[in-house]
Amino acid sequence: MGGMFERDLDIYRNRDALREDYQPDTLVGRDEELERYKTALQPVINGEQPNNIFLYGKTGVGKTAGTRFLLDHLIDDAAQYDDIKLTVKMLNCDGLSSSYQIATRLVNKFRDESNQISTTGYPRSTVYDMLWEELDKCGGTILIVLDEVDHINDDSILYQLPRARANGNLSNAKIGIIGISNDFSFRDNLSPKVKSSLCEEEIQFPAYDAQELIQILRQRADVAFYDGVLTDGVIELCAAYGAKDAGDARQSLDLLMKTGDLARDRDTKAITEDLVRDARNELERGRIREGISGLTQHGHLVLYALITLDREGETPVRSRDIRPRYTNFANQIGADPLVPRRMRDHLGELSMLGIISAVERNEGRRGGTYREYSVDMDINMILSALDETITEVGVHESIAGIFAEDTTLERYT
DNA sequence: CCTCCACCGGAAATCGCGGGTA
DNA sequence: TACCCGCGATTTCCGGTGGAGG
């Protein structure tokens with residue numbers, strides 16, 4: 001450096017250090033948990049049957065990062081012993097709802113690209129047979145990491161895998177399962193027989209407190225940004241948001257990265273707290289947009305119904321009173337309106353996304369228990385998200401278009 | 001303290017679709 | 001082609017819930 005010409009100073013030295021998949025040399029704030037984890041993995045090095053391990057804790061508290069970290073070391077260390085053949089397969093179960101899906105993905109993980117199987121169509125038992133065959137062919141010690149296992153709706157594979165050897169399906173391979181879950185109740189909902197085998201070793205990862213988050217953010221920011229880019233308080237603010245919401249490192253890191261990106265877009269050389277707030281809004285927007293795009297057509301209709309009611313000052317409104325409006329919209333586009341129970345599901349989904357909110361009310365003998373829904377986000381933001389999302393022909397034209405005229409809403413009542 | 005309202009939400013059944021085997 | 005399979009979305013069924021009214 002130091003020639004006559006220099007590249008413009010970017011704020012990032014290495015932006016990737018803020019990414020979720022970045023692996024720092026040391027993991028901050030998880031010493032105790034990793035120590036226990038390491039102990040639980042010890043049998044692998046000893047050439048013994050590995051423990052099944054169950055990790056739980058909220059998102060972004062280091063479960064996956066810790067697993068990657070330890071398993072990388074484990075693989076290195078195992079390589080020093082000739083009598084150990086260690087294979088590690090990691091599978092993220094997000095988007096995979098059944099044991100069947102898990103099994104097909106696992107089979108494919110063991111097969112090369114020219115030989116992949118379809119993820120649908122086969123009888124369940126056939127898929128399992130293929131899986132046992134692959135596992136046995138691989139042999140040695142096999143660790144299977146199932147990240148976000150709580151997404152699986154049935155126990156079957158969790159029951160089958162640990163027992164495959166005992167059931168005579170395997171002869172060459174020693175299988176160890178590492179299950180990772182965000183959902184505490186998942187563990188309790190497992191059938192007892194699965195619980196006892198899968199949860200031989202349980203490690204709980206607590207949320208990070210603000211101090212730990214600050215340490216983590218510092219560690220990453222030191223690598224990610226050039227010196228002097230961050231102004232005082234930025235890291236603390238990101239950490240504070242993260243700690244307040246969920247003690248979630250991922251979220252804090254995302255926020256910091258978004259802030260950096262904004263700074264870069266705006267050609268700002270210094271990152272300030274104000275920028276953090278802007279970034280937070282931006283992320284929120286994105287979340288809503290994503291949430292809305294994942295809804296069904298009827299989900300959109302329910303949302304339209306609520307929005308129009310909101311504009312007429314009718315909110316908060318109980319589901320019973322949303323229904324006629326929704327029904328109208330559905331008829332307008334020639335769709336059969338859903339049954340009330342299902343409409344409630346959509347309402348629930350919308351509040352889960354933070355787009356609307358529900359308050360439970362109870363008028364006892366007179367009115368019973370019910371919920372009142374209201375819109376939680378800026379209407380225009382929702383509308384623009386709907387605008388970008390709507391794919392159904394005619395829906396947006398017939399409803400949003402007229403809605404935008406902002407005149408005679410009586411037409412829909 | 002017991003009733004009762006009216007929606008809430010879990011569970012099981014059903015439907016239609018995409019995909020596979022023989 | 002005939003038939004099998006899994007799966008998401010939906011419908012059907014129904015027990016639960018909590019506070020005002022008695």
Side-chain angles (χ1 to χ4, degrees), chain A residues 91-108 111 114-131 133-134 146 148-160 183-186 188-191 290-303 305-306 309 314-327 329-331 333-353 356-374 389-392 395:
Chain A
L91 180 62
N92 190 310
C93 307
D94 185 24
L96 275 33
S97 59
S98 65
S99 289
Y100 184 93
Q101 292 299 342
I102 305 298
T104 58
R105 306 305 144 112
L106 284 177
V107 169
N108 283 339
R111 293 193 173 189
S114 58
N115 205 14
Q116 302 275 296
I117 62 170
S118 162
T119 57
T120 55
Y122 300 103
R124 178 185 291 249
S125 64
T126 309
V127 177
Y128 279 146
D129 287 343
M130 290 192 254
L131 180 56
E133 191 184 315
E134 294 301 329
L146 298 175
E148 310 196 41
V149 280
D150 45 308
H151 287 70
I152 315 177
N153 291 318
D154 65 290
D155 279 356
S156 160
I157 190 116
L158 299 178
Y159 181 70
Q160 299 284 347
D183 181 3
F184 296 95
S185 64
F186 173 74
D188 301 327
N189 293 333
L190 289 172
S191 66
E290 208 169 299
I292 287 181
S293 72
L295 297 173
T296 6
Q297 186 185 55
H298 286 286
H300 294 148
L301 294 177
V302 172
L303 185 53
L306 196 64
L309 287 166
E314 298 291 321
T315 55
V317 57
R318 57 200 298 179
S319 69
R320 168 213 281 175
D321 298 325
I322 299 175
R323 190 166 170 70
R325 177 69 53 93
Y326 154 75
T327 310
F329 283 156
N331 288 334
I333 64 161
D336 289 338
L338 298 175
V339 99
R341 173 71 184 86
R342 184 65 188 134
M343 202 188 81
R344 282 208 303 277
D345 279 347
H346 280 120
L347 252 9
E349 215 166 314
L350 287 166
S351 36
M352 196 74 83
L353 291 169
I356 70 176
S357 61
V359 180
E360 189 162 287
R361 308 217 11 158
N362 192 331
E363 295 185 46
R365 203 172 193 173
R366 183 151 34 95
T369 313
Y370 57 91
R371 276 149 187 248
E372 286 190 327
Y373 299 89
S374 36
T389 303
I390 296 287
T391 51
E392 300 90 348
V395 179

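Hydrogens, waters and symmetry mates are skipped; everything else that's a heavy atom, side chains included, is used. Chain A is the first sequence line, chain B the second, and so forth, proteins listed ahead of strands; every chain is numbered from 1.
- The residue A:S319 sits close only to the backbone: its heavy atoms come under 4.0 Å of sugar-phosphate atoms, none of a base.
- Checking C:dG6, C:dT17, C:dT11 against the side-chain heavy atoms of A:Q101 singles out C:dG6 as nearest.
- Checking side-chain atoms of A:Y100 against main-chain N and O of A:Y122 turns up a donor-acceptor pair under 3.5 Å.
- Distance A:I157 CD1 to C:dG6 P: 13 Å, rounded to the nearest Å.
- A donor-acceptor pair under 3.5 Å is formed between the side chain of A:H300 and the backbone N or O of A:I292.
- In this structure, the separation between NE2 on A:H346 and CG on A:L295 is 7.0 Å, given to the nearest 0.5 Å.
- Residue A:R342 places none of its side-chain N or O atoms closer than 4.0 Å to OP1 or OP2 of C:dA9.
- A distance of 12.0 Å separates CZ of A:R105 from CD1 of A:I157, quoted to the nearest 0.5 Å.
- For C:dG19, the base has no donor-acceptor partner in the side chain of A:N362 [N/O atoms by modelled type, under 3.5 angstrom].
- In this structure, the side chain of A:E360 does not engage the main chain of A:T369 through any donor-acceptor pair within 3.5 Å.
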Interface polar pairs with nucleotides 13-15 of chain C, N/O, under 3.5 angstrom:
none

Residues 317-324 of chain A, side-chain donor-acceptor partners within the protein, below 3.5 Å, at least two apart:
unit_1, atom_1, unit_2, atom_2, d
A:R323, NH1, A:L338, O, 2.8
A:R323, NH2, A:L338, O, 3.0

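- Picking from C:dC7, C:dA9, C:dG21 the nucleotide with the shortest atom distance to the side chain of A:R365 gives C:dG21.
- Scanning DNA chain B 5' to 3' for nucleotides with an atom closer than 4.0 angstrom to a non-hydrogen atom of chain A gives a first and last hit of B:dT3 to B:dT21.
- Remark: of the listed residues A:L309, A:L306, A:V359, A:L306 is the sole one forming a side chain to side chain contact (heavy atoms under 4.5 Å, CB included) with A:Y373.
- Comparing A:E360 and A:G364 by the nucleotide of DNA chain B whose heavy atom lies nearest to each, the residue mapping closer to the 5' end is A:G364.
- Counting to the nearest Å, the P atom of C:dG6 and the OH atom of A:Y128 are 10 Å from each other.
- How far CG of A:L350 is from CD1 of A:I356: 4.5 Å, rounded to the nearest 0.5 Å.
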